[in-house]
Every structure is written in structure tokens, then in C-alpha cells.
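Below: the structure, in C-alpha cells.
Sequence lines set the chain letters: A, B, ... in the order given, protein chains first and strands last, and positions in each chain run from 1.
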Amino acid sequence: MTTQAPQGAPAVKSMDKIVSLCRRRGFLFQSSEIYGGLNGFWDYGPLGVELKRNIKQAWWHDMVTSHNELVAPPGAPAPYAMVGLDTTIIMHPQVWKVSGHYDLFHDMMVDCRQTKRRYRYDQVVGRWVECRGQRVFVTVDGEGPTVEQDLLQRALKFFNLRSKQADQLHWDGPVQPLSSVEDRSQVLGPDAKELGTLTEPREFNLMFKTYVGALAGEDSAAFLRPETAQGIFVNFKNVLDSTRVKIPFGIAQVGKSFRNEITPRYFTFRSREFEQMEIEFFCHPDQSQQWYQYWRNRRFQWYVSLGLASERLRLREHGPEELSHYSTGTADIEYAFPFLPPGKFGELEGIAHRGDFDLRSHMEGKLDPNTNPLQVELGPDGKPRWRGSGKDLTYRDETTGQRYVPHVVEPSAGADRAALAFLCEAYDEDQAPDDKGKLQSRTVMRFHPRLAPIKVAVFPLVKKEGMVEIARDIYAQLKKHTTCFYDEKGAVGRRYRRQDEAGTPFCITVDGQTLDDRTVTIRDRDTLKQYRVKIDQCWDEIQARLQAPEP
RNA sequence: GCGGGUGUAGCUCAAUGGUAGAGCGUCGGCCUUCCAAGCCGAAUGUGAGGGUUCGAUUCCCUUCACCCGCUCCA
């Protein structure tokens, strides 16, 4: 029988259909679904776990194990070494204080009941003012040179006065923080029109908190890591001392991270438990710019090489206003997920030039990112707000004798976001003929063969004449090499379609001719073409096709 | 966290204050020699909890989840 290549325009990607397929075929389920689910947590099903493992394995293989430190890869300024780590999810609480996550993820917030806006408690400042016998604490969000002017405008607006009537306002006391006010009922929120709309300050904790040891108390409080990177930084010296790696080199880690996101949304895109694939690349400050360029391009090409080659993928360089001043460059690799509005992209990976911020922070104490040059952030007592380890994390170049704090380039990828992007990219609907030759719509997951959860399926054409036995034997042989799937139930067309939805690139079918000449057919998921090969050679053939799929 | 919307079978969707149906899918059987064929049969249920009621999937409350918009987003 002859088959035709797929025809017709590419299907419009509908997130509903993708989500539905993910559930139907066992890629993704909601966590704890039988209890109603848990917001921001997702489980990978039998197909999903293979897909995600393949992504992580491809990343680890391409970045770490297959990397040859003797040769500079194309585009790299020099040869470099790569090693891996697997660090704990719970680390010393000081790690997060020094890294800045504790401050950043630990704010007290106040909400405005009227405007629904939220403010950082410590950033709202105000001043008492009296007018026509009413005493009000007017506030603005954020300090700055214009605070007094802003407060004046707010007060004029509230009392319905013109600028030239400003002398009717009687200011009482200096500008002071919101925390100095006990009675909230006389407070005018930064954007409110009425008094008393601000809530009491509430702790707003983006890190998951837990307790080490059986007794819970603030002394034993610890946090689930919000990123894997810090595990690498705190082991920088261990790696140097144990492996003989020389700068430039990278340390890679894959692992779970946790963030108590305010609004988990968009399927698995913003989850509270997620997996990262991170590299911290250490280099000489003078070369850091070149390495940043290298990793930007290298990481972008990685997604391209696995099938995200479409116009849905882009590399976006951050503008100056998005950069911390110590970073000389940050780029996001972004994908136009179908759940986003047209023209919007979602982040898959960020490649950040982080300078020496992280290593120095862990040496000296938390640095203040707003200082230039970077200085340790001081507390009220004039000592470091958060003390560093005090350990020497500098690097000594044996050939030049130079000692310096290495600079860091950080390609930080989300494994779950990559999985979601590959799922979205793979989803396609086309036309395939049914047994009467009439074109029927077909749903097919066009995964790159490296990522496909199942590489090959084996079918007897019918359950007759010994085809089952031969097919089962082929299946047993292939199982030793790769993930494969066996099916003998129902019409063969139905079995092909099932594999199309699983994204299986190849199906081997035992038919009548097999009995005569020991050949089988290999059916290609994307072209629907079939090739006849000897049973003995089918693994070689599959292997070759997995590595070099037809364009 | 706020506002709006939605929750019925694995999926897409019906129906009803009084025994919850269909198509597709799934499973079993028969038949089938290459792309979701046919025939026979089967399983699976109103997100969860509470209230009103003789009786609630339907009305009310709470809660959970999902979608949209704000807010947040290393």
C-alpha cells in the first residue's frame, strides 16, 4: 500500500488541545488530583517522565559528559572543563541570607483594599498633615528625591485643593515610615481615594519554610532552595580542591527548586515545585564578556538542535533598565507559548553575566546590588547585614600567579518549561488516509527523536500465522537497546495513530512477507513512509534514523 | 491576594428538584494482511464538604481546582 506525505497547513496550536492530550496520553497530571489538586504542582505521567528524563539527559550529555575539555567547541574562546554536582535542597539558612533571596523573598507587604494594589511595607512612607480640622497620614510608595513633592500632591488631591492653596495644609512632623503609624484608619494609601484602606502588614514568603530536626522553632528554620545555583557557589572551593579543574570551567547541576509563587498559572509554566538545569561558568574577568556571548549562543542553539527551530523561539537581550549594574549582560531564551497572547514570549532560560557578585557575597557577606563598585550591605550596627562565610573563594592562576575572584556566567534553564515548550512545539494536526483512502485528521506529536518518550513500537500486522511470535521476539531484542512499545490489539491503523499521539518516531510491523524473507517494515511518524529492512538489521536502521532523522 | 468565569465518564458535550445520556476513547470477544473499518459485549460519573428538602448533579453556603484580567514573577 502506498502512503502519502502529510498535507495541509500547520495546525493552529490550541493550549486546550495540548493540555487535553497531555492528560489523555499520560504526559502530565495535576498533583493530588483525586483530592481536588494542589495549585502550582504537577505530576509527570508515564510518557511525561520519559520526555522530561530525555530532556535532562540530553542537557547533561550535551553540556557535561560529552564535552571534550581538550578542544574549544565552535564559538568558544578557549577549551574549558565541565563537571557536575548534586547538592541538597535544604541548605544552611545563611546561604539564602547572603544570596539575597531571604530579603527579596521575605517581604512584609500591605495591600490596599480599594485599589487592590500591594506595597512593600518598608517602602511606604508618609507624613501627617492637617487641614480643616482633619488629621491624615498621607503616603507614597517608595523613597526618593521627590517624596515631599509627591506627598504634597497626594495631600492636595485628597483635600481637593489647588496648588496655590498649599498653605492650607499644616504638616506635622517629618516624613516617616508607615510602620510608625499605629492607627491605620487615618492613613491614606499611596493610590487610594479614601482613608484606612491599607491592610495590616503580612509576611509574604516566596521561599518554602521548614524546620530541621523534630523540634520546630525559629532556631531550626530552614528553606527549600529557590534555585540550584547557590549549591554550586558554596561548593566552588570543594570542586577546585578535589578535581584539579582550572579556570575557565563550568559546574552543572540539575535538580528541584521551590518557589511559593503568588499566582501559579499557565499549566506547568509557573509551578511552585520545578526543576532547573543550571551551569555556573567561572572565568577570568577579562574574558567574561566573550564567555557570556558564547553561552548565549550555545544555549540558544541547543534548543534549536532539539526542534525548537521555529519563529516561536527567540533570544532576547535585556535592556539596561532590566540589568543589575554588576551584570554586563543578561539574555533570555524565550518561547511563544500558545497560552500567551500573540506576540508574547515566555522565558525558558536566562543567561546572566553575574560578575563576582555571588562568590564575593559568600566570602565577604551579602553585597548590596545597588552599590558600584559592589560593597557589603551593612546593618544598623555598621556590621554586615548578613555575614559571609569568611572563606577564601578566590582563584590563583598557577601560570601567571594572579589571584582573583572569578566572574560567573550563568545559563539557568527550566526543565519543566523546556518540557512544556517541546510539548507545544511537537503538537500538530495533519491529514492521514484511512483504510478507504479518505483523508482523516490526525494528531501527532512531532518530538525530536532524542526526546521522544518511546523510540519505536512493534506490531504484528494481524494475530495470525506466527506474526505475533516474531514481533514479540523483535520487541524483546529492541528492549535491550531503547524504550519501545509492543501492541497487537485491534487494527494496525489504530495502533499507528496511538503512537502518533505519543510521538513515537518509528513503528516496526511484522507482516506476511516477514514470514517469507525475514524482513519487516519501518514506518516513519512524520512522512508515513515505510521502509523494508531485514529483522537482523532493524536496530541498526532505527539507530541510524534516530540520530539523523529525515528532514 | 483581588475581580470575573467554569467545574457532569479518560476526552468533547447533553439532561434533570425524583433511576444521569450520547459520540469518541478504553477494555474483552469475533472478524481483520498496513494507517482511528465492522459486529457483539463491558467498565467508568455530577471536583470536595456542609446546608435546605421526603428527595439535591440541579437551590444556598464554604472550600478546592482550572481559565481570563489585575497583582507578583530570582
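Of the possible donor and acceptor atoms, one in the side chain of A/Lys455 sits under 3.5 Å from a partner among the backbone N and O of A/Ala452. Remark: side-chain polar atoms of A/Thr139 are paired, donor with acceptor, to backbone N or O of A/Leu188 under 3.5 angstrom.
Which of B/A36, B/C66, B/C68 sits closest to the side chain of A/Gln30 comes down to B/C66. Side-chain proximity of A/Arg25 to B/C34, B/A36, B/C67: nearest is B/A36. The side chain of A/Arg498 lies closest to B/U26, out of B/C11, B/C73, B/U26. Ranking B/A36, B/U33, B/C72 by closeness to the A/Glu501 side chain, first place goes to B/A36. For A/Glu261, whose side chain is taken as the heavy atoms from C-beta onward, the closest listed nucleotide among B/U33, B/C68, B/C73 is B/C73. Distances from the side chain of A/Thr509 to the nucleotides B/C34, B/U32, B/A65 place B/C34 closest. In the set B/C67, B/C34, B/U33, the nucleotide with an atom closest to the side chain of A/Arg265 is B/C67.
If you check every strand for non-hydrogen atoms under 4.0 Å, A/Phe267 touches sugar and phosphate atoms only. The residue A/Asp511 sits close to a base: some heavy atom pair falls under 4.0 Å. Among the protein residues, A/Thr521 comes within range of the nucleic acid bases, having at least one heavy atom under 4.0 Å from a base atom. Using a 4.0 Å heavy-atom cutoff across all strands shown, A/Gln230 reaches no nucleic acid atom at all.
Rounded to whole Å, the distance from CD on A/Glu429 to C1' on B/A36 is 14 Å.
Side-chain to base pairing of A/Arg24 with B/C11: no donor and acceptor N or O lie closer than 3.5 Å to each other. If you check distances only, the side chain of A/Arg497 does reach the base of B/A36 with a donor-acceptor pair under 3.5 Å. Remark: the A/Arg494 side chain and the B/G25 base include no donor-acceptor N/O pair separated by less than 3.5 Å. A donor N or O paired with an acceptor N or O is found under 3.5 Å between the base of B/C34 and the side-chain atoms of A/Tyr496. At a cut-off of 3.5 angstrom, the base of B/C34 holds at least one donor-acceptor pair with the side chain of A/Gln530.
In this structure, B/G3 forms a base pair with B/C68, meeting either the Watson-Crick or the G-U wobble geometry with both donor-acceptor distances under 3.5 Å. In this structure, B/C34 forms no base pair with any nucleotide, since neither Watson-Crick nor G-U wobble geometry is met with both distances under 3.5 Å. B/U19 makes up no base pair with any nucleotide shown, lacking Watson-Crick or G-U wobble contacts both under 3.5 Å. Using N1 to N3 plus N6-O4 or O6-N4 for Watson-Crick, or N1-O2 and O6-N3 for G-U wobble, each under 3.5 Å, B/U57 pairs with nothing. If you check B/A14 for Watson-Crick or wobble pairing at under 3.5 angstrom, you find it has no partner at all. With both pairing distances under 3.5 Å, B/U8 is matched to nothing as a Watson-Crick or G-U wobble pair.
Side-chain nitrogen and oxygen atoms of A/Lys464 include none within less than 4.0 Å of the OP1 or OP2 phosphate oxygen of B/C31. An OP1 or OP2 oxygen of B/C64 is reached within less than 4.0 angstrom by no side-chain nitrogen or oxygen of A/Asn39. Within the structure, every side-chain polar atom (N or O) of A/Arg23 is placed at least 4.0 Å from both OP1 and OP2 of B/G10.
A salt bridge links A/Arg446 to A/Asp430: at least one charged side-chain nitrogen sits closer than 4.0 Å to a carboxylate oxygen.
B/C11 and B/A48 are spaced 22 Å apart, taking the C1' atom of each and rounding to whole Å.
Two residues, A/Leu38 and A/Arg523, neighbour RNA chain B, and the one matched to the more 5' nucleotide by heavy-atom proximity is A/Arg523.
Residues A/Asp524 and A/Tyr531 bring no donor and acceptor atom of their side chains to less than 3.5 Å of each other. Using a 3.5 Å distance cut-off with no hydrogens or angles, the side chains of A/Tyr496 and A/Thr509 do pair a donor with an acceptor.
Taking the six-membered ring where tryptophan is involved, the planes of A/Trp386 and A/Tyr102 are perpendicular, since the angle between them exceeds 60° and thus also 30°.
Counted within 6.0 Å of CZ on A/Arg316, heavy atoms from surrounding residues, nucleotides or ligands total more than 12; the atom is thus considered enclosed.
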